[in-house]
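Quick caveat: nothing in here was measured; it's all calculated off a predicted structure. Lettering of chains follows the sequences in order, A, B, ..., and the numbering in each one begins at 1.
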Amino acid sequence: MSSFDDSEAFEAAVPLSQRAMSARSAPYLDELNPAQREAVEALDGPVLMLAGAGTGKTKALTTRIAHLLHSGKARPNEILAVTFTNKAAKEMKERVARLLGQPVEGMPWLGTFHAICVKLLRRHAELVGLKSNFTILDTDDQLRLLKQLIVAAGIDEKRWPPRALSSIIDNWKNRAWTPETLPAAETGAFDHHAPALYAAYQQRLRTLNAVDFGDLLLHVVTIFQKHDDVLEQYQRWFRYILVDEYQDTNVAQYLWLRLLAGGHKNICCVGDDDQSIYGWRGAEVGNILRFEKDFPGATVVRLEQNYRSTAHILAAASGVIEANQGRLGKTLWTAADGGEKVRLIGHWDGEEEARWIGDELEAMGQGTRGQRPIGLDECAILVRASHQMRAFEDRFLTIGLPYKVIGGPRFYERMEIRDAMAYFRLAVSTDDDLAFERIVNTPKRGLGDKAQQKIQVAARANGVSLVEGARILLAAKEISGKGAKSLAELLDGIERWHTAVLGAAQPVTDDDAVIEEGLFIAPRMPGGKPISHIELAEIILEESGYTAHWQNDKTPEAPGRLENLKELVKALESFENLQGFLEHVALIMDNESDDAEARVTLMTLHAAKGLEFPAVFLPGWEDGLFPSQRAMDESGLKGLEEERRLAYVGITRAEEVCTISFAANRRIYGQWQSALPSRFIDELPEAHVDVLTPPGLYGGGFGAAAQPVRSDLQEKASRADVYNSPGWKRMQARGQARGMSQPRETRNVVIDLDAVSSFGLGDRVFHKKFGYGAVTAIEGDKLEIAFERAGVKKVVAKFIVPAANADDVPF
DNA sequence: GCGCTCTGAAGTAAT
DNA sequence: TTCAGAGCGC
């Protein structure tokens, strides 16, 4: 069967209007600037589009797709357009549709590297020893598998944790090394065991008919390398190739692209070497730096006109990035003038910094700075490491400032979601051993390590799946008592759900078309009437006892988890069946909840790439934290340069106001440490920076300032030579030259602890964590307080102050 | 088999 | 400091 059956079927379905447009003019071209237009119109041959931050990269890319279609160069299904994230793919789809004025269901090959590879691999799975209905492992499955292999190899899993092995293997896969092609010199710092474990792992995956994320690319590259006929098929089929964020590609992706573009070389790579921040994840900046060598005669277009930020912000960003070596070189410029300089401020410590930013956010909302009011939802705080977020969360909780954190555990990575998914996976295919392992004792069924080991042994001895092994074990009465009963129930359940998934004996098929067209017959409980896959999901969660498990759980997270389960079931609505859902979820992670309340966004610099905000705060610019000591230790100059690019990414997220700050002292792992301002601060061009006076730091004379009361420890930390660093001295000089504004009055607060028990019912009070509230009951030294944000809580009186003194809370 | 306590490590993260 | 995972006692 030809691999292109469904695509060819599609060809016939492409609306005529879409194919016969070439004769007409292309009005969308008029909306481009000269550089963008050049990048769009150079349709044939290799093109490198160097697109600086905020220069309309997506616009150029999507217009290029529209132009390819419009000019009749390619049909929608002959264009391969790859992105890194689902979000980017979705946005691209929407924007192409808008340009064309009609939906683009017809772009089956617009997607992430991984999504496209899944499609390719399902068609040619047998070429790498897999069946086309292979499962895609998540990180948890992967780690469990590796752990088993490490234990089986008799290696001390404490010295060599599965995580370490996993990252070594990921790294190798990123470089497109299979166990067979792994260079002998690569031992992976895992004693010399890693290569053998890698081979064992791949073997195990094959047995399980499973792949991990790295395999998706690796297997396809292997197929392309070993099977010329297959490769040529696709080289012909994908007439035009477009790649987004090319600077983020790893070796495997690079090879994949080079193989596919090998024939016609109609490849357009879009990227920005200055925004390459994923080297630690396997990305090779070299790929983009080398493009012209890989594709001689390539057209190189630079997009340098920035439509996002003020001139000061751009100049500051340029000043920083210029310190990097080996750039392809771009200079951003803007037609707009005016705007505020980049603001720079130093603080005593991390808490002070958080407090100041909190105040600043409130001031911005009021427009009290003499600028237009900037709402919370227009502001973002971008940090280097996620643990920096804590100080802000604490502060914002205290003052009741709404915030949202981007990042952290994603919906589909949460425990309860993974558990539920494992049940679904088992229902779809009962030989999914990893899913079985995950849920065999969740909820608790009295099947601990020992029972599970027996099942493993039985399964392996008979060469069957764990579910089968368990069945054999039960039949042989090798398991007894409570465990046996609950295991039997579980097995019955799995059998029943599986039958339901199969519906009226409809065979499971791996054919895309069948899945996509929803040709599955509705599931049906044994002997009963057909039910929807949504009902089936609910039944599974109910009968397995999983829902009850969380209902009986008394921990504060339990309600949230139940809520997530409901959401999961709801997510099923947009799919035809469980199979389609599982396929989708294996590759997709996002779960964006939109809410009405305006909130400031807290996220890492990495997460912020590609986004923009009117006001951006960049706290924690201290040497060691940013640039990160670890990055520099591990990767030397290369690491430092990547950190610098991160700084560049951070600054260029800002449209109107960019505020950089650092703290002289910070508590790290419970220890006070002092730090020097980041070397990147020295690299900010002075003409574009406005140094703000930090509250309480300067006082009447430098160094002798009336400083807030501090502990001895903090006092000691402050004596470090912060004040001798070049950055600090320059800040000093700038501040004095401009005439410093009056420092804010310092607080020297003494709280009379004896006086605090004198609260009365109804008093409005304040608590550091819970914020404002009213006293509803008094029991000795404990107060019951109805907090405005945190609800009713009992709190010891000494942690409470009258609301009027909220600012004075010293603890 | 389950749950509590101690110990050790601590980064950024999409698919 | 905080969190996860291992080990130990019931």
Expressed in angstrom and rounded to an integer, what is the separation of [X] atom [atom1] from [N] atom [atom2]?
X: A:Arg281; N: B:dA13; atom1: CZ; atom2: C1'; value: 5 Å
X: A:Lys444; N: B:dG3; atom1: NZ; atom2: P; value: 6 Å
X: A:Asp244; N: B:dT15; atom1: CG; atom2: P; value: 13 Å
X: A:Phe84; N: B:dT12; atom1: CZ; atom2: P; value: 20 Å
X: A:Lys450; N: B:dC2; atom1: NZ; atom2: P; value: 14 Å
X: A:Asn174; N: B:dT15; atom1: CG; atom2: P; value: 15 Å
X: A:Tyr246; N: B:dA14; atom1: OH; atom2: C1'; value: 19 Å
X: A:Leu217; N: B:dA14; atom1: CG; atom2: P; value: 17 Å

Among A:Glu351, A:Gln388, A:Glu622, A:His347, find the one that has a side chain to side chain donor-acceptor pair (under 3.5 Å) with A:Arg666.
A:Glu622

Which of A:Arg281, A:Gln253, A:Lys609 passes side chain to side chain donor-acceptor pair (under 3.5 Å) with A:Asp248? It is A:Lys609

Which part of the nucleic acid, if any, lies within reach of [X] when heavy atoms closer than 4.0 Å are counted: base, sugar-phosphate only, or nothing?
X: A:Glu634; result: base
X: A:Thr85; result: sugar-phosphate
X: A:Ala631; result: base
X: A:Asp248; result: nothing

Mind checking the CD-CD1 spacing from A:Glu641 to A:Ile277? Nearest 0.5 Å is all I need.
15.0 Å

Spacing of A:Thr249 atom OG1 and A:Asn174 atom CG [to the nearest 0.5 Å]
11.0 Å

Please tell me which of the listed nucleotides, B:dT12, B:dT15, B:dG11, lies nearest to the side chain of A:Thr604?
B:dT12

Nearest to the side chain of A:Arg384, which nucleotide is it out of B:dG11, B:dG3, B:dA13?
B:dG11

Between A:Asp138 and A:Arg438, is the closest basic N to carboxylate O distance under 4.0 Å?
no

Ion pair present between A:Asp272 and A:Lys57, side-chain N to carboxylate O less than 4.0 angstrom?
no

Indicate whether OP1 or OP2 belonging to B:dC2 is found under 4.0 Å from a side-chain N or O atom of A:Asn441.
yes

N/O (side chain, A:Ser386) to phosphate O (OP1/OP2, B:dT12) under 4.0 Å:
yes

Tell me, yes or no, whether the heavy-atom count around A:Asp449 atom CG, taken from other residues, nucleotides or ligands under 6.0 Å, exceeds 12.
no

5'-most contact on DNA chain B (nearest-nucleotide basis), A:Arg630 vs A:Arg445, goes to A:Arg445

Which label fits A:Phe224 and A:Trp256: parallel for a plane angle under 30°, tilted from 30 to 60°, or perpendicular past 60°?
tilted

Quick check, does A:Trp280 stack with B:dG11? I mean ring centres under 5.5 Å and planes off by under 30°.
no

Start and end of the DNA chain C segment that chain A contacts, any atom under 4.0 Å from a heavy atom:
C:dT1 to C:dG7

